[in-house]
Structures are given as C-alpha cells and as structure tokens.
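A short write-up of the structure that comes next.
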Amino acid sequence: MNYTSISEIHQQFEAQRQFKEKNRKLSLEKRLSGLQKLEANILNSEKEIQDALYKDFKKSNVETSITEFSPTLNELKFVQENLHKWMKPQKVPSPLKYLTLRGKILSEPKGNSLIITPWNYPFFLPMTHSISSLAAGNTVMLKLSELTPNINLVIEKIIKNTFLPEQMKVIFGSVEETTEILKLKFDHIHFTGSPKVGKIVMEAASKNLSDITLELGGKSPAVIDADSDLKSAVKSLIWGKFVNAGQTCIAPDYILADISIKTELEKILKEEIQKAFGDEPQNSKDFARIINQKNFKRITEYIEELKNLNVPFLCGGNLNENELYISPTVVSEPPNETKIMQDEIFGPILPLIYFENSEDAVKQIRSKEKPLSLYIFSKNNHFIQKIISETSSGSVCVND
Ligand code: NAD
C-alpha cells in the first residue's frame with residue numbers, strides 16, 4: 001500500500017486549516033446531509049467491507065456485521081437523531097446577585113481534528129470517531145493503521161465519495177508519517193491505541209497545546225463469584241474473549257474466580273470452548289487470525305514462557321505460524337510475574353486466577369493498573385457492590 005507523502009500531508013493540513021472557519025458555520029441541515037450521504041455510501045459498500053476484512057485477518061462476515069458494520073450504522077443513527085439537541089444553546093440560571101444577567105452554554109466546533117486509529121476494529125473505530133468529529137463541525141484528518149491495507153482502501157473510497165478533502169481526508173502511513181502529522185497544530189487529537197504509543201501522542205500534543213482524547217488498552221478482569229450462574233458467565237466470557245481472536249481493547253483479559261468453584265469452572269470452560277469452536281478451531285470459519293507476525297511472536301512468547309514453567313493448559317496452546325493462527329487457549333494459575341499477567345494479552349489466551357474471599361478479590365484487582373473494563377458475575381448484590389465501590393475502572397459490566 002502506498003503511504004501518503006509528507007508533502008501531501010502538509011498540503012492537506014493547510015487546506016483543512018483554511019477551511020475550518022467555513023466548516024464551523026455549517027448548519028444543522030448541512031451537517032446532517034453529510035452524515036446521510038455517508039450512511040448511504042456505507043450501506044452500498046457492505047460486501048466490499050466484508051471482503052476487505054476477511055482479506056486483512058480472516059474476520060468472518062458474521063463478526064464484521066456484529067462488531068463493525070452494525071455499530072457504525074447505529075452510531076450514525078444516534079448522532080442524526082440527537083444532533084439538533086446537542087447543537088441547541090442551553091440556558092443557565094443566574095445566581096441571585098447576577099439576577100439581571102442571562103447565561104447560555106453554546107457548543108462550538110473545536111476546529112481541525114486529527115484521528116489516529118488502531119487496526120483491531122479497523123472499520124468501526126475510524127468511522128465512529130470521524131462521525132462524532134464531523135457532526136460536531138470539525139474537519140478530520142484520519143490516520144488509519146498500516147496493518148489493515150484492504151479495509152483502508154474501502155474507507156478511503158467511501159470518504160472520497162462523501163466529503164471534500166478539505167473537510168475530511170484519509171491518511172495512509174506508519175510511524176514516520178504519524179510522527180510528521182503529530183508535529184502539526186491540531187485543535188483536537190483523538191488517539192485510540194496502545195498505552196505505549198499514547199504516551200508519544202500525548203507528548204507531541206503538549207508541544208502544540210492541542211486538546212487530546214486518549215482511548216487506550218489494559219488488563220480487564222472478569223470476576224466470578226461462587227454465587228453466580230456459572231454456565232451463563234462462561235458462555236459470555238468465551239464470546240467476549242475469543243471474538244476477533246482476543247484482539248479487543250475491552251476483552252476480558254483474565255478470569256479472577258472464587259477458589260471454591262475452581263474444578264467446576266475449569267470443567268465448564270473446557271466443554272463450552274469445545275462446543276463453540278469444535279475439535280479443530282483452526283477450521284472454524286468464525287475464528288479470526290492474529291493481525292501480523294510481530295503480534296504472533298509476542299503472543300507465542302507468552303505461551304512459551306508458560307510451557308517452560310509447566311503452567312497447566314486446560315485447552316489450546318496450538319500454533320500455526322504460516323496462518324498466524326493461535327488456538328483458543330485457557331491456562332490455570334500462571335504466576336503473577338509471568339508476562340501474560342503483566343502485559344495486556346490482546347490475543348486468544350485466557351488465564352484463570354483465584355481469590356479466597358471478596359477482600360482478596362479487591363486486593364488483586366487493585367494491585368494492577370486501573371482496568372479499562374471490569375466484568376462481575378454474581379447473584380450476590382453485596383459482593384457486586386463491594387467490588388464496584390472498592391475498585392476503579394473505565395466501566396463495569398455486571399452479569400454480561
Ligand atoms: P498501536 O498503539 O500500536 O497503534 C495505534 C496507531 O498508532 C496506529 O495508527 C499506528 O500507526 C500508530 N503508531 C504506532 N506506533 C507509533 C509511533 N511510534 N508514533 C506515532 N504513531 C504510532 O496500537 P494497535 O496495535 O494498532 O492496537 C492495539 C491497541 O489499541 C491495544 O492496546 C488496544 O487495547 C488498544 N485499543 C483501545 C481501544 C479503546 O477504545 N480504548 C479500542 C481499540 C484498541
């Protein structure tokens with residue numbers, strides 16, 4: 001895939017910078033008509049989107065529909081239904097001593113925005129962040145991940161058919177191009193990706209005092225209480241963990257379960273994984289591949305370390321490098337110092353660790369970085385409330 005040249009990046013940036021004042025005056029109707037055109041062009045491209053994602057990492061059509069295509073259309077619908085409310089000035093009551101004054105909050109566009117996206121939901125993430133930014137009256141420079149060339153070309157085509165380049169432009173590139181873009185002064189930068197690159201982006205944004213939103217990754221635990229619907233919890237977790245082959249920012253990273261249900265949990269997990277993917281998960285058309293060699297090697301190293309330490313594998317641990325395939329894998333009680341318990345896994349390996357009581361569960365969650373998401377499976381409201389109130393995470397999901 002040809003990357004956007006540095007001179008074109010500068011030229012496009014200048015064009016958007018000049019256009020942003022005109023763009024900010026776009027009426028509600030004009031913004032909505034841009035989004036309607038985008039919706040029509042996405043609907044006309046469904047097959048191309050499916051084919052491109054299959055070529056990029058064997059993502060199945062069903063997964064594409066559930067995790068890329070439909071959520072993008074839902075976002076478009078939500079924004080189109082609500083934009084008039086969000087654009088409306090809000091009256092603010094004046095305090096008694098300023099009784100003669102009238103206050104209002106006016107929402108305004110930020111100006112020119114830069115959106116940098118990862119590869120793991122390579123249609124939904126770029127589109128959803130762009131939809132928000134365009135609806136808010138900003139121009140958009142969209143830097144896509146270099147790891148998904150096929151879907152990138154489809155996105156570029158859709159955007160070219162919908163918007164003027166000074167309003168929205170797709171940029172292809174890797175580290176060199178992104179480093180160059182980050183030298184430019186944007187009014188807002190929206191970055192989705194790893195914490196490591198997030199730090200680089202934040203440092204670059206600080207040099208221009210650009211506003212910034214960071215959507216990063218991390219380790220998201222799934223806590224299972226002894227008093228829970230275990231079978232239903234396991235089914236949910238298998239879906240959440242192995243969809244996109246575990247390459248999801250909010251995938252349950254590891255299970256933290258009550259030690260008293262260890263035997264039953266491990267038995268049900270093995271049975272349900274077998275039911276979901278069969279004896280040969282490699283032949284399942286519903287199981288995606290690892291995105292590239294670098295990530296395959298990273299995940300393989302986790303597996304090798306666990307095998308060297310004789311950590312029990314309940315299932316999986318099978319690899320096929322030519323296909324970038326790693327089977328759905330479950331390991332029991334890896335030591336806390338192993339890489340798999342320190343890094344964000346971002347692959348189809350599910351470690352199981354255990355707690356003695358709710359105090360211990362809280363302590364174990366708090367011993368790691370704040371999770372992006374936290375999943376709790378329990379019928380006991382006291383347990384649920386304890387975990388919620390004594391830990392902090394980006395979001396909490398109970399019994400789902
Ligand atoms: P990444 O951080 O490697 O890359 C993200 C983007 O940054 C890509 O466009 C890439 O080209 C660019 N980039 C990479 N190295 C760079 C550098 N040195 N300087 C400037 N730009 C650089 O992430 P990834 O591997 O594409 O995606 C996986 C990560 O994204 C995981 O950590 C995952 O949790 C996270 N993620 C978070 C969310 C969320 O909403 N919070 C959603 C999806 C993914």
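Start at 1 with the first residue, then count along the sequence. In each ligand, atom 1 is the first atom listed, and ligand 1 is the first ligand listed.
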Just going by heavy-atom distances, which of T192, T148, V197 is nearest to atom 5 (C) of ligand 1?
T192
Please confirm whether S174 comes under 4.0 Å of ligand 1, counting heavy atoms of the residue only.
no
Ion pair check, K143 and E177, cut-off under 4.0 Å
no
Can you name the atoms of ligand 1, numbered from 1 with element, that are less than 4.0 Å from a heavy atom of I116?
6 (C), 7 (O), 9 (O)
Below 4.0 angstrom from a heavy atom of S145, which ligand 1 atoms are there? Numbered from 1 as shown, please.
9 (O)
Contact partition for N120 relative to ligand 1, non-hydrogen atoms under 4.0 Å
side chain
At less than 4.0 angstrom from any non-hydrogen atom of T178, what atoms of ligand 1 do you find?
20 (C), 21 (N)
Any idea which atoms of ligand 1 are less than 4.0 Å away from a heavy-atom of E146?
10 (C), 11 (O)
Just which atoms of ligand 1 are under 4.0 Å from any heavy atom in C249?
33 (C), 34 (O), 36 (N), 37 (C), 38 (C), 39 (C), 40 (O), 42 (C), 43 (C), 44 (C)
Specify the protein heavy atom at minimum distance from atom 17 (C) of ligand 1: its residue, its atom name, and the distance to 0.1 Å.
V175 CG1, 3.7 Å
List the closest protein heavy-atom neighbour of atom 27 (O) of ligand 1: residue, atom name, distance to the nearest 0.1 Å.
P118 CB, 3.2 Å
When you measure from atom 7 (O) of ligand 1 to each heavy atom in F346, F172, F191, which option holds the nearest one?
F191
Check ion pair K363-E359 (N to O, under 4.0 angstrom):
no
Nearest to atom 35 (C) of ligand 1, what protein heavy atom do you find, and at what distance?
G193 O, 3.3 Å
S133 and H190 side chains, donor-acceptor separation under 3.5 Å
no
Under 6.0 Å from the six-membered ring centre of Y54 and within 45° of its axis: does the NZ or CZ of K59 meet both?
no
Test: K275 and E272 ion pair at under 4.0 Å:
yes
Sub-3.5 Å N/O-N/O distance, L216 and ligand 1:
yes
With a cut-off of 4.0 Å, which atoms of ligand 1 are near a heavy atom of L125?
42 (C), 43 (C)
Within ligand 1, which atoms have a heavy atom of T117 less than 4.0 Å away?
6 (C), 8 (C), 9 (O)
Pair Q293, E321 - check side chain to side chain donor-acceptor pair (under 3.5 Å), show working.
CA-CA 8 Å; Q293 203 75 36; E321 189 166 0; 2.5 Å; yes
When you look for heavy atoms under 4.0 Å from ligand 1, do you find them on the side chain of Q247, its backbone, both, or neither?
neither
Subset of ligand 1 atoms that lie under 4.0 Å from at least one heavy atom of I200
18 (N)
Check whether any N or O atom of S194, backbone or side chain, sits under 3.5 Å from an N or O atom of ligand 1, and answer yes or no.
yes
Applying a heavy-atom cut-off of 4.0 Å, say which part of E344 lies close to ligand 1: side chain, backbone, both or neither.
side chain
